[in-house]
Amino acid sequence: MNSALLSRCQVYVLKPLEEKDLVHLMQYAINNDSELKTKKIELKETAALINISGGDARKLLNLLELIVDAAGGNASQLIITDALVMEVAQKRIALYDKKGEQHYDIISAFIKSMRGSDPNAAVYWLARMIEGGEDVKFIARRMLILASEDIGNANPNALVLANATFDAVNKIGYPESMLILSQCAIYLASSAKSNAATVAIGAAMSVVKEFGDLPVPLHIRNAPTQLMKNLDYGKNYQYSHSFESNFSDQEYMPGEISGKKFFEPGKNAREEELRKFLKSLWKEKYGY
């Protein structure tokens, strides 16, 4: 829901139910449900049921029904234990709702752990998603984005590895893909970080919106026809490879934004090398 719609609504925050409420709910269902009350069901242990439900009454009742159905003909004498719950669930019961708020909370925690350079937290949240049956491509796609958004040129190999991971998990799938996802998540979390490329494109987009469609300088325009050449398209263009160090300090920006700097190298070894290189070329023009 967007802010405008929310401002016209009364919002109620739904919090997880407490353990005593969940146990009471299960007992009520066992005693009053038209199907469950015909069977002799004993709640000997409830920890696994409550843990998997995450305080969500709907998940709890669905799991209870799943356990009773799994018991089949023996359900008339059913004793529910933690071991039985985990066996029936087969460790495939989602530890978070893939379409709900917790889905987004966990992927957020996963991304922020990698961005924060904590590989231990990253693999924990990765395990939570894998255990919850999350789409392997969804996880790999988010790591691919992070490799560019939060690491960028501080470690260009991160994008290469993340892309290879995305390709690999599309070929393999679970369960083996968890190994590939883990390797990539640990690498990304342990890598040097930089959002310089992210900031640069954001700043450039802002300038595009502010100044509109500025004309391309004539000397760097394409000139495939004689008419364009007669109009001085491409005239006086300096081919970089014809100059020392393969560089010519000609102007590449529209005149209105000449000297505008979008890329500010981050404080990491790789981008400090880029800073020195750019400064050696452009001297004081961009303030590197």
Side-chain angles (χ1 to χ4, degrees), residues 103-131 134-208 240-241 245-247 252-253 260-288:
H103 161 73
Y104 296 103
D105 286 344
I106 290 181
I107 189 62
S108 175
F110 176 58
I111 295 299
K112 289 172 181 174
S113 297
M114 289 188 292
R115 180 183 296 140
S117 300
D118 189 340
N120 301 294
V123 292
Y124 169 75
W125 295 117
L126 174 61
R128 285 284 298 272
M129 288 188 289
I130 293 172
E131 187 71 10
E134 184 58 81
D135 179 9
V136 65
K137 290 184 287 187
F138 172 77
I139 300 174
R141 187 180 302 114
R142 296 306 297 265
M143 290 198 293
L144 187 53
I145 295 168
L146 178 132
S148 184
E149 180 181 5
D150 294 298
I151 297 175
N153 289 313
N155 179 8
N157 287 331
L159 183 59
V160 176
L161 180 62
N163 189 57
T165 296
F166 186 83
D167 289 342
V169 299
N170 271 279
K171 298 173 183 175
I172 298 175
Y174 286 133
E176 290 85 356
S177 276
M178 72 173 65
L179 307 177
I180 301 169
L181 294 172
S182 177
Q183 177 186 350
C184 186
I186 290 171
Y187 183 86
L188 298 181
S190 304
S191 175
K193 302 296 189 296
S194 172
N195 70 340
T198 302
V199 173
I201 189 61
M205 293 295 290
S206 296
V207 168
V208 168
S240 296
H241 297 291
S245 301
N246 307 99
F247 173 76
Y252 295 96
M253 291 273 215
K260 180 72 173 177
K261 180 168 67 172
F262 300 113
F263 173 55
E264 180 62 47
K267 301 295 183 181
N268 57 78
R270 171 62 180 165
E271 288 186 307
E272 283 296 340
E273 291 181 6
L274 297 181
R275 182 192 301 277
K276 292 177 181 178
F277 175 69
L278 292 171
K279 184 175 179 61
S280 72
L281 298 178
W282 293 105
K283 305 302 188 263
E284 301 304 322
K285 180 174 182 178
Y286 290 109
Y288 288 118

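Hydrogens, waters and symmetry mates play no part in the numbers below; they use all other heavy atoms, side chains included.
With values rounded to the nearest 0.5 angstrom, Ser191 atom OG is found 9.5 Å from Leu146 atom CG. Ile139 contributes atom CD1, which lies 11.5 Å from atom OG1 of Thr165 (distance to the nearest 0.5 angstrom). To the nearest 0.5 angstrom, Ile151 atom CD1 is 5.0 Å from Lys193 atom NZ. In this structure, OH in Tyr288 is found 6.0 Å from NZ in Lys261, a value given to the nearest 0.5 Å. Atom-to-atom distance recorded for Phe166:CZ and Met143:CE is 10.5 Å, nearest 0.5 angstrom. Residue Glu134 holds its CD atom at 10.5 Å from CG of Leu181, rounded to the nearest 0.5 Å.
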Should Met114 and Phe110 be marked as a side chain to side chain contact (heavy atoms under 4.5 Å, CB included) after you check the CA-CA gap, both sets of side-chain angles, and the distance that decides it?
CA-CA 6 Å; Met114 289 188 292; Phe110 176 58; 3.5 Å; yes
Let's go through Val199 and Phe263 carefully: what are the C-alpha distance in whole Å and the side-chain angles of both, what is the deciding distance for side chain to side chain contact (heavy atoms under 4.5 Å, CB included) to 0.1 Å, and is it a yes or a no?
CA-CA 7 Å; Val199 173; Phe263 173 55; over 6 Å; no
Does the pair Ile107 and Phe138 meet the rule for a side chain to side chain contact (heavy atoms under 4.5 Å, CB included), with working shown?
CA-CA 10 Å; Ile107 189 62; Phe138 172 77; 3.8 Å; yes
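Between Tyr174 and Ile130, the shortest heavy-atom distance links the atoms OH-CG1, 3.9 Å. Of all non-hydrogen atoms in Cys184 and Ala162, the two that sit nearest each other are SG-CA, 3.8 Å. Residues Ala189 and Asp118 approach most closely at CB-C, 4.0 Å, considering heavy atoms.
Between Phe247 and Trp282, a ring centre-to-centre spacing shorter than 6.0 Å is recorded.
Annotation for Tyr252: atom OH counts as buried by contact number, over 12 foreign heavy atoms lying within 6.0 Å. Met205 CE: 12 or fewer foreign heavy atoms inside a 6.0 Å radius.
Between Arg128 and Glu131, no side-chain nitrogen of the basic residue sits less than 4.0 Å from a carboxylate oxygen of the acidic one, so the salt-bridge criterion is not met. For the pair Arg115 and Asp150, the salt-bridge criterion is met [side-chain N within less than 4.0 Å of a carboxylate O].
Between Trp125 and Ser113, the closest side-chain pair of non-hydrogen atoms falls below 4.5 Å. Side-chain contact between Lys267 and Arg275 is present, with heavy atoms from C-beta onward closer than 4.5 Å. Side-chain contact between Tyr187 and Asn157 is present, with heavy atoms from C-beta onward closer than 4.5 Å. Inter-residue side-chain proximity for Tyr286 and Leu278 is flagged as unmet; no heavy-atom pair is nearer than 4.5 Å.
Side chain of Asn195 to backbone of Thr198: no donor-acceptor contact under 3.5 angstrom is found. The main-chain N or O of Leu144 is never found under 3.5 Å from a side-chain atom of Ser148 such that the two would form a donor-acceptor pair. Without hydrogens or angle criteria, Arg270 side chain to Asn155 main chain gives no donor-acceptor distance under 3.5 Å.
Side-chain atoms of Ser280 and Lys276 include no donor-acceptor pair closer than 3.5 Å. A donor-acceptor contact under 3.5 angstrom links the side chains of Ser194 and Glu271, judged on distance only.
Sorted by first and then second residue, the pairs that involve residues 277-288 and meet salt bridge (Lys or Arg N to Asp or Glu O under 4.0 Å), not counting sequence neighbours, are Glu251-Lys285, Lys279-Glu284. Within the structure, the side chain to side chain donor-acceptor pair (under 3.5 Å) test picks out no pair touching residues 136-145 (sequence neighbours left out).
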